[in-house]
Amino acid sequence: MAKEITKRSENYSQWYLDIVKKADLADNSAVRGCMVIKPNGFALWENMRDQLDRMFKASGHVNAYFPLFIPKSFLSREAQHVEGFAKECAVVTHHRLMNAPDGSGVIVDPSAKLEEELIVRPTSETIIWDTYRGWIQSYRDLPLLINQWANVVRWELRVRQFLRTAEFLWQEGHTAHATQAEAVEETLQILDIYTRFAEDYMAMPVIKGVKTPNERFAGAEETYCIEALMQDGKALQAGTSHFLGQNFAKAFDVKFVNENNVEEYVWATSWGVSTRLIGGLIMTHSDDDGLVIPPRLAPVQVVIVPIPKPSPEIGEAAEKVMKALQSKGITVKYDRDDKNRPGFKFAEHEMKGVPVRIGIGLRDLENNQVEVARRDTREKNTVPFDGVADYVGQLLEDIQQNLFNRARQFRDAHTSRVDNFDDFQSLVETPHPEWSESWGGGFISAHWDGTTETELKIKELTKATIRCIPLDAEEEQGRCILTGKPSKGRVLFAKAY
RNA sequence: CGGGGCAUAGCGCAGUCCGGUUAGCGCGCCUGCUUUGGGAGCAGGAGGCCGCAGGUUCGAAUCCUGCUGCCCCGACCA
């Protein structure tokens, strides 16, 4: 059926790369580890960004922009923070080039060495908290609720398009609060926003949880996250929200005077989601025929294909359908290409993930109808011409809901409760030929003794890590699957991206 | 940074071992005709510093030396 897309069951990671390529989302670039996001991919990102931006603003946040470069000394102010990021920083050392004396091109001008080297931001806590010092004096200046849309650079050794690139686009929120309780509340509020976005827009079910100390963000007191399960049984960290305590306030000396005229350090949060979400969206819904995009995020929700090719009569009918759909706020595109045949276009639009396709042919014009095909199930229906807009409007909602239900069923079917280490190992090591040769084993809910030592040992033995301690976990007496020591609740394990 | 591989048309590859006409093939691209309700067929056409720099030779994509870049596997990670 689909040409040139590797089957998921044969080679999942090749399938993933094929989707990115065939759906025309991104290209490799001349710079190792950095990708070019093509118009189709960027349109998807814009829709995600715009929706998140609306949600942030609705909850009182505002946007600002901070510099790309961070003085090297800033990074080392917070000890944990620098340790976490030091190994993946791009560093600017000079500010000028010159012609090579031997005429072989340009070289770095040795006389243009910077007094203090600059780091290309891997995240912006340091430069932002250095700035906040000047903005915050009184409790009346709080809370400070700021978000920025930006690019960051983390010099990763192994990269995969969207999932892990040396440069990526994201949003990073950085808030400042007068009390610990308020900062914690903010952290959780953002986690809810991320959850709503993932589930209601991306149709990607997620588990809300808190990270173990070992997986915590460098410099955070507590890291909350949402974790999703991909089709190959591996987990994807889809978003994080950190309670930073007073760590950055102390490192950058950000104090305020409270209502009682007492000076205190400010409480902080930071939180982010990135273009990685696009990778998550691909690996949640797409199939062997190509990309599947949930309607609420699809740059083109409906495409109209003239059969056999564009003509004045079909164009006229298509125009009416487009107007009717547009009046309901539906994004629709008419495929005017007169070179390729219908079959080719059907396959192409499926590959690109357009949720709904409408076929209009001469036969349809005679019968006063159109053919409507949905991407998620590939079902086709004949619909009377006059009822198209209502039908499609409802269909888009059905698809959105169906994608979420399908993904949730998949996740639930591949979430296991395990009570001994043998079962644990067999789950993460047994391949799943239907879904993926490199099957990760799904989510595994198991008891853990609470120590980093045990966590690392399990990782070493199985490659599975603790994705999170679910927020809704029930208290339950049990024994650690590795050490047999007592445990008060289950945590969620998985192999992760 | 360790281990393995690759570099030839826009993309994917053959040719390299064993040097020798004008460097091929598939896809894509351009033109024309016939087609067109699930990835069309035929005919014609365009497109190459064979990664870079040296060397050996009458002659190098092919042999030698040195670079450079990329990919895969591991260590690090949203």
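Just so it is clear: chains get the letters A, B, ... in the order the sequence lines come, proteins before strands, and each one is counted from 1. Treat the numbers as computed from the prediction; the structure is a model and nothing was measured.
Atom-to-atom, CZ of R378(A) to P of G37(B) comes out at 16 Å; the value is rounded to the nearest Å. As rounded to whole Å, 18 Å separates atom P of U36(B) from atom CZ of F344(A). Distance, D18(A) CG to G12(B) C1': 13 Å, rounded to whole Å. Look at CG on D338(A): it is 11 Å from P on G32(B), rounded to the nearest Å. One interatomic measurement links the two molecules: CD of E227(A) to P of A78(B), which rounds to 10 Å at whole-angstrom precision. Q161(A) places its CD atom 11 Å from the P atom of C71(B), with the value rounded to the nearest Å. Rounded to an integer number of Å, the gap from NZ of K87(A) to P of A78(B) is 12 Å. C71(B) atom C1' lies 15 Å from atom CG of L157(A), rounded to whole Å.
In the set U36(B), A78(B), G39(B), the nucleotide with an atom closest to the side chain of K309(A) is U36(B). In the set G39(B), G37(B), A78(B), A78(B) carries the atom at the smallest distance from any side-chain atom of S274(A).
Scanning atom types as modelled, no donor and acceptor separated by under 3.5 angstrom connect the side chain of R341(A) and the base of G41(B). Looking at K345(A), its side chain has no donor and acceptor atom pair within 3.5 Å of the base of G37(B). Checked by distance alone, E348(A) brings no side-chain donor or acceptor within 3.5 Å of a matching partner on the base of G38(B).
Between Y132(A) and F66(A), the two ring planes are perpendicular [angle over 60°; tilted spans 30° to 60°]. Between Y201(A) and F197(A), the two ring planes are parallel [angle under 30°; tilted spans 30° to 60°].
For the pair K459(A) and A373(A), both in contact range of RNA chain B, the more 5′-proximal nearest nucleotide belongs to A373(A). Toward the 5' end of RNA chain B, the nearer of the two residues G84(A) and P342(A), judged by each one's closest nucleotide, is P342(A).
Here the side chains of W439(A) and V428(A) are not in contact, with every heavy-atom distance at 4.5 Å or above. V356(A) places a side-chain heavy atom less than 4.5 Å from the side chain of I399(A).
Both distances falling under 3.5 Å, in either a Watson-Crick or a G-U wobble arrangement, occur for no nucleotide opposite U56(B). Across all strands shown, C50(B) forms no Watson-Crick or G-U wobble pair with both key distances under 3.5 Å. When both distances must be under 3.5 Å, the Watson-Crick or G-U wobble mate of C1(B) is G74(B). Pair assignment for G69(B) gives C6(B), based on Watson-Crick or G-U wobble hydrogen-bonding distances that are each under 3.5 Å. In this structure G44(B) sits in a base pair with C30(B), meeting the Watson-Crick or G-U test at under 3.5 Å. Pair assignment for C17(B): none, as no Watson-Crick or G-U wobble contacts are both less than 3.5 Å.
Residue contacts for Y497(A): at a heavy-atom cut-off of 4.0 Å it reaches no nucleic acid atom on any strand shown. Counting non-hydrogen atoms under 4.0 angstrom, L236(A) reaches nothing in the nucleic acid. At a threshold of 4.0 angstrom between heavy atoms, the contacts of R357(A) include nucleobase atoms, whether or not backbone atoms are also involved. Heavy atoms of T223(A) sit nowhere under 4.0 angstrom from any nucleic acid atom. Using a 4.0 Å heavy-atom distance criterion, E156(A) is classed as a base contact. If you check every strand for non-hydrogen atoms under 4.0 Å, T240(A) touches nothing. Within 4.0 Å (heavy atoms only), Q14(A) reaches no atom of the nucleic acid at all.
C6(B) and A61(B) have their C1' atoms separated by 15 Å, with the value rounded to a whole Å. Comparing the same atom, C1', in G28(B) and in A46(B) gives a spacing of 13 Å after rounding to whole Å. With C1' as the reference atom, G66(B) and C11(B) are 31 Å apart, rounded to whole Å. Atom name P, nucleotides C67(B) and A23(B): the rounded distance is 32 Å, in whole Å. Nucleotides C73(B) and C29(B), compared at atom P, are 32 Å apart to the nearest Å. Taking the C1' atoms as reference points, C25(B) lies 24 Å from C70(B), given to the whole Å. For the C1' atoms, the distance from G59(B) to U68(B) is 28 Å, rounded to whole Å. Comparing the P positions of G54(B) and C72(B) gives an interatomic distance of 32 Å, to the nearest angstrom.
Remark: E83(A) CD is loosely packed, at most 12 non-hydrogen atoms of other residues, nucleotides or ligands lying under 6.0 Å away. For E429(A), the CD atom counts as densely surrounded, since its 6.0 Å shell holds more than 12 non-hydrogen atoms of other residues, nucleotides or ligands.
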Under 3.5 Å, which protein N or O atoms sit close to an N or O of nucleotides 28-31 of chain B? Give each pair with its distance.
unit_1: C29(B); atom_1: OP1; unit_2: K339(A); atom_2: NZ; d: 2.8

**Message:** Quick one, T165(A) with E167(A), criterion side chain to side chain donor-acceptor pair (under 3.5 Å). Give me CA distance, side-chain angles, the key distance, then yes/no.
**Reply:** CA-CA 5 Å; T165(A) 47; E167(A) 179 194 16; over 6 Å; no
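Residue R158(A) has no polar side-chain atom (N or O) positioned under 4.0 Å from OP1 or OP2 of C71(B).
In this view, D18(A) satisfies the salt bridge (charged side-chain N to carboxylate O under 4.0 Å, His left out) rule with no residue, not counting sequence neighbours.
Proximity of the aromatic rings of W448(A) and F493(A) is defined here by a centroid distance below 6.0 angstrom, and this criterion is not met.
Pairs of residues two or more places apart, or lying in two chains, that qualify as ring-ring contact (aromatic ring centres under 6.0 Å, His included) and include a residue from residues 202-231 of chain A are H81(A)-F217(A), F85(A)-F217(A), F217(A)-H242(A).
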